[in-house]
Every structure is written in C-alpha cells, then in structure tokens.
**Student:** 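The structure is given below, and queries will be raised subsequently.
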Amino acid sequence: MQFDLKKFFQTGREPYRAAFTLDLSEYDFPGYQIPQPVTGSFTASPTGEGILLELQVSASVDAECARCLEPVHQDYPFKREWLVREQDLTSDLLELPIDETGKLNVDELVYEELVMEVPTVLLCSPDCQGLCPVCGKPKAAGCTCCDEGGSTTPVDERLAILKQLLN
C-alpha cells in the first residue's frame with residue numbers, strides 16, 4: 001500500500017484512515033516466520049505541527065524456542081506514531097520508507113516495524129529449561145540422564161545405587 005504523503009500535505013484537511021491485511025509469508029524475518037496475514041490500520045491526521053502518522057499492527061509469529069527447539073506461536077500487537085513535517089520529506093534523516101516522490105510505502109513500514117518489535121530470541125516460556133546437554137531431550141520432558149537437582153552432570157550408572165542411600 002502506498003500513501004502519497006506529499007499530496008496529503010497539500011490537500012489533506014481531514015484524517016485519512018485505512019485498514020489493511022498484508023501477507024508477509026514470503027518476507028525474510030530473522031529467526032521466525034509470519035505465516036498468517038498481518039492485520040492493521042494506518043492513519044494520517046493533519047496537526048498544527050505537521051502530519052501525525054499512526055500505525056497499528058497485529059501479527060502472529062511462528063518460530064522455534066531458542067532453548068528447547070519446541071514450536072512457538074506468539075501474537076504481537078503494537079502501535080507506532082510519527083510526526084512528520086513537510087521539510088522532513090527532503091531530509092535524509094527521516095527513518096520512514098518514503099520515495100523521492102513523497103510516497104510512503106506502508107507495506108515496507110510494517111515489515112521494518114515487525115523486525116524491530118519481535119525479539120530475536122523467542123522462548124516457549126520464560127522458565128524454559130532448554131535441552132539436556134547429555135541426551136538432547138527437552139529437560140521439561142523429564143530426561144533421566146541428569147541428576148534430580150537439575151545439574152547437567154551425567155549420573156554414572158555404576159554409582160546410582162549410592163544415590164538411593166541419600167534419599
């Protein structure tokens with residue numbers, strides 16, 4: 001979706017609102033995918049200082065847990081706002097994807113904001129114990145090669161009988 005920001009500075013007197021659904025399944029994200037369409041809204045409102053741009057997005061992210069490799073599915077709703085002045089359109093400092101004709105690429109803006117919003121390390125739960133370094137199974141699945149204290153030191157089978165004395 002393209003929004004002609006330059007034209008809106010000249011003719012926009014009323015707020016512009018647009019709802020969108022965007023398929024980002026083919027985009028390259030760092031360590032995760034967005035298999036379902038992203039939904040959101042884009043608003044441009046004239047103010048005394050410039051134009052207030054507002055982006056609201058809701059995306060569902062699929063990835064692998066960084067510790068145990070189990071599937072992770074999380075929702076990321078977020079909202080961003082920018083105040084753009086007319087002189088900003090010719091500035092190299094503006095961090096919005098605006099081309100030389102003054103058109104804002106809203107699809108690219110959504111992609112950039114998702115890359116910034118979604119953490120680079122996704123976990124299935126905050127207390128994920130990860131994988132056992134001995135057997136490679138998820139610790140939450142109850143691997144038996146480590147002692148009960150959660151230590152990653154393997155238990156020597158020949159000395160297992162001594163552990164029963166401590167119980």
**Student:** Short question: side chain of Arg67, backbone of Cys128 - any donor-acceptor pair under 3.5 Å?
**Tutor:** yes
**Student:** Minimum heavy-atom separation for Gly31 and Ala63, please, with both atom names.
**Tutor:** O-CB, 3.6 Å
**Student:** Quick check on the hydrophobic clustering: are Phe9 and Leu53 connected, directly or via other members, by side-chain heavy-atom contacts under 4.5 Å?
**Tutor:** yes
**Student:** Could you measure the distance from the CG atom of Leu5 to the CD atom of Gln10? Nearest 0.5 Å is fine.
**Tutor:** 10.5 Å
**Student:** Checking Trp82 against Leu55 for the side-chain contact (heavy atoms from CB on, under 4.5 Å) test, could you report, in this order, the C-alpha distance in whole Å, the side-chain angles of both residues, the deciding distance, and whether it holds?
**Tutor:** CA-CA 9 Å; Trp82 300 268; Leu55 179 69; 3.8 Å; yes
**Student:** Atom OG in Ser58, atom NZ in Lys79: separation rounded to 0.5 Å?
**Tutor:** 14.5 Å
**Student:** Mind checking the CD-CD1 spacing from Gln2 to Ile98? Nearest 0.5 Å is all I need.
**Tutor:** 10.5 Å
**Student:** Kindly say whether Leu123 contributes a backbone atom to a donor-acceptor pair with the side chain of Gln74 at under 3.5 angstrom?
**Tutor:** yes
**Student:** Can you confirm whether Glu54 is buried at CD, in the sense that more than 12 heavy atoms of other residues, nucleotides or ligands lie under 6.0 Å from that atom?
**Tutor:** yes
**Student:** Of the non-hydrogen atoms in Pro35 and Asp62, which two are nearest, and what is the gap between them?
**Tutor:** CG-OD2, 3.0 Å
**Student:** Give me each pair satisfying salt bridge (charged side-chain N to carboxylate O under 4.0 Å, His left out) with a member in residues 99-124, each pair once, sequence neighbours excluded.
**Tutor:** Arg80-Glu113, Arg80-Glu117
**Student:** Indicate, with yes or no, if Leu114 and Tyr27 share a hydrophobic cluster defined by side-chain heavy-atom contacts under 4.5 Å among Ile, Leu, Val, Met, Phe, Trp and Tyr.
**Tutor:** yes
**Student:** Quick one: closest heavy-atom pair of Lys7 and Asp4, and the distance?
**Tutor:** N-OD1, 3.1 Å
**Student:** Quick one: ring-ring contact (aromatic ring centres under 6.0 Å, His included) partners of Phe29, sequence neighbours excluded?
**Tutor:** Tyr32, Tyr111
**Student:** Any link between Val38 and Tyr76 through a network of hydrophobic side chains (Ile, Leu, Val, Met, Phe, Trp, Tyr) touching at under 4.5 Å?
**Tutor:** yes
**Student:** Using the side chain to side chain contact (heavy atoms under 4.5 Å, CB included) criterion, which residues pair with Glu49? Sequence neighbours excluded.
**Tutor:** Thr47, Leu83
**Student:** Out of curiosity, does Phe8 fall in the hydrophobic cluster containing Leu52 (side-chain heavy atoms, cut-off under 4.5 Å, transitive links)?
**Tutor:** no
**Student:** Is Asp28 atom CG crowded by more than 12 heavy atoms from other residues, nucleotides or ligands, each under 6.0 Å away?
**Tutor:** no
**Student:** So how far is it from Glu86 CD to Ile51 CD1, rounded to the nearest 0.5 Å?
**Tutor:** 8.0 Å
**Student:** Ignoring hydrogens and geometry beyond distance, is a side-chain donor-acceptor pair present between Glu14 and Tyr16 at under 3.5 Å?
**Tutor:** no
**Student:** According to a 4.5 Å side-chain heavy-atom criterion applied to Ile, Leu, Val, Met, Phe, Trp and Tyr, with indirect links allowed, do Leu109 and Leu89 form part of one hydrophobic cluster?
**Tutor:** yes
**Student:** So how far is it from His73 NE2 to Leu122 CG, rounded to the nearest 0.5 Å?
**Tutor:** 12.0 Å
**Student:** Kindly compute the distance separating CZ (Phe42) from CG (Leu22), expressed to the nearest 0.5 Å.
**Tutor:** 13.5 Å
**Student:** So do Glu70 and Pro138 actually touch side chain to side chain, heavy atoms under 4.5 Å?
**Tutor:** yes
